[in-house]
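We name chains A, B, ... by the order of the sequence lines, and we start the count at 1 in each one.
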Protein chains: 2
Amino acid sequence: MTEAGKSPKERDPEAVSRFVELFAGRLTDAGMARMPARVFAALLASDDGVLTSAQLGDQLRVSPAAVSGAVRYLSQTHLVSREREPGSRRERYRVHSDQWYEAVTNREALLRHWQSALREGVTAVGAGSPAERRLRETLEFFEFIEVELTDMMRRWREKREAAAGR
Amino acid sequence: MTEAGKSPKERDPEAVSRFVELFAGRLTDAGMARMPARVFAALLASDDGVLTSAQLGDQLRVSPAAVSGAVRYLSQTHLVSREREPGSRRERYRVHSDQWYEAVTNREALLRHWQSALREGVTAVGAGSPAERRLRETLEFFEFIEVELTDMMRRWREKREAAAGR
DNA sequence: CCTTAACTTCACAACTTTTTGAAGAAAGCG
DNA sequence: CGCTTTCTTCAAAAAGTTGTGAAGTTAAGG
């Protein structure tokens, strides 16, 4: 019934599903766990950027437990937010428009950890050694990246704002 | 014998080992497999940035097979190069000074994969939908990042050259 | 309040990845 | 040439991760 005579069909569920799995695979390559990656990709490709737990389980063919685990991770990392539909016990999960901004910003915490590990290394190998020089240079690189990343995200924000107010 | 009266001891093997494992942990968090991460960290902290297979296995307490697998991966990704000591069957592995430069550059291939996945998504969800707008914006973000990353690495290279010729 | 839908938690099973030991191949050295 | 050291490969064991079913918790709706 839904298949019949509706002009060129805009949304091809099979193609969307292929995209979801493909993009989730790329996210997995980049280090995200599989299930969170699949859930995130599904939300990204959903019409309104909002899906219920049941819809997610249904589309991805996984148990409610798997969805639960994935969205817990995703909301902890601020990649999706949960909302309660008033007058219902269904929970809805939403992707944000500033998701990537958030994701990159979170990387900065990771960078700090690397820097602190390197500082320990610098003292451990002893002053004046080639190893010390190497570790210092590495530390410098990370410090450079941190500053650059901040600038970069500022430029992205400005660019977004310019496009929005156009 | 080696322990006795040598002024303030420069290199504390135990502290170095702690650093190696700590830093390897950070690399693992970032998605690198454990053994390559440990080998890379050990090389980074080594005196000359060069170690033999035996030295690596010894320091990390793993079998030659594990070292072999790790260095194969690391040399494929250009983070480490192998060199044969002339007149010996020992292989030596070396970290490069431009290691991080290489690592970031390699990320750009990954970015391209993301972009191509997103382009598939844009056609799959159908024209004019909110999903299409969302995916296009995401694609734009990745394109932005790719350009910025290139610029950033150019600036790092220039900074390095300036420091070298000082 | 009791019923029931919806989500969560947890122990365990299925699956993946990692590391190993053992056998094999390459290459210096006598 | 053949012995020996060193690295590599491969099957299999060990370790780690992920997803499930079942039981438990929470809160809406009668």
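To the nearest 0.5 Å, atoms OG (B/Ser53) and CZ (B/Arg92) are separated by 13.0 Å.
Comparing D/dC7, D/dT20, C/dT8 by their nearest atom to the side chain of B/Glu91 picks out D/dC7. You'll find that the side chain of A/Met35 is closest to D/dG19, out of D/dG19, C/dT19, D/dT8. Closest contact between the side chain of B/Ser63 and the listed nucleotides C/dT8, C/dG21, C/dA27 involves C/dG21. With D/dT8, C/dT19, D/dT4 as the candidates, the nucleotide lying closest to the side chain of B/Arg82 is D/dT8.
Atom OH in A/Tyr93 sits about 6 Å away from atom P in C/dC7, given to the nearest Å. Counting to the nearest Å, the C1' atom of D/dT20 and the CG atom of A/Leu60 are 15 Å from each other. The CG-C1' distance, from B/Asp58 to D/dC7, rounds to 16 Å in whole Å. The CG atom of B/Leu56 sits 16 Å away from the C1' atom of D/dT8 (whole-angstrom rounding). When rounded to the nearest whole Å, the span between CG of A/Asp29 and C1' of C/dT17 equals 15 Å. Atom pair B/Glu83:CD and D/dT6:P shows a separation of 17 Å (rounding to whole Å applied). Taking atom CD of residue A/Gln76 and atom P of nucleotide C/dT8, one finds them 12 Å apart after rounding to whole Å.
Counting heavy atoms from C-beta on, the side chains of B/Arg90 and B/Arg84 never come closer than 4.5 Å.
Aromatic pair A/Phe19/B/Trp114: ring centres not closer than 6.0 Å.
Residue whose closest nucleotide on DNA chain C sits further toward the 5' end, between A/Arg92 and B/Val62: A/Arg92. When the nearest nucleotides of DNA chain D are assigned to A/Arg89 and A/Ala66 by heavy-atom distance, the more 5′-ward of the two goes with A/Ala66. Of the two residues near DNA chain C, B/Ala33 and A/Ser88, the one whose nearest nucleotide lies more 5' is A/Ser88.
Considering only side-chain N and O atoms, B/Arg90 lies under 4.0 angstrom from the phosphate OP1 or OP2 of D/dT6. Phosphate proximity of C/dT17 to B/Arg34: absent, as no side-chain N or O sits under 4.0 Å from OP1 or OP2.
If you check every strand for non-hydrogen atoms under 4.0 Å, B/Ser53 touches sugar and phosphate atoms only.
Within the cation-pi definition used here (under 6.0 Å to the ring centroid, within 45° of the axis), B/Arg154 does not qualify as a partner of B/Trp156.
Checked against B/Phe40 for a ring pair (Phe, Tyr, Trp, His ring centres under 6.0 Å), the options B/Trp100, B/Tyr93, B/Phe23, B/Tyr73 give a single hit: B/Trp100.
For A/Arg72 against C/dT8, a side-chain-to-base donor-acceptor contact under 3.5 Å is absent.
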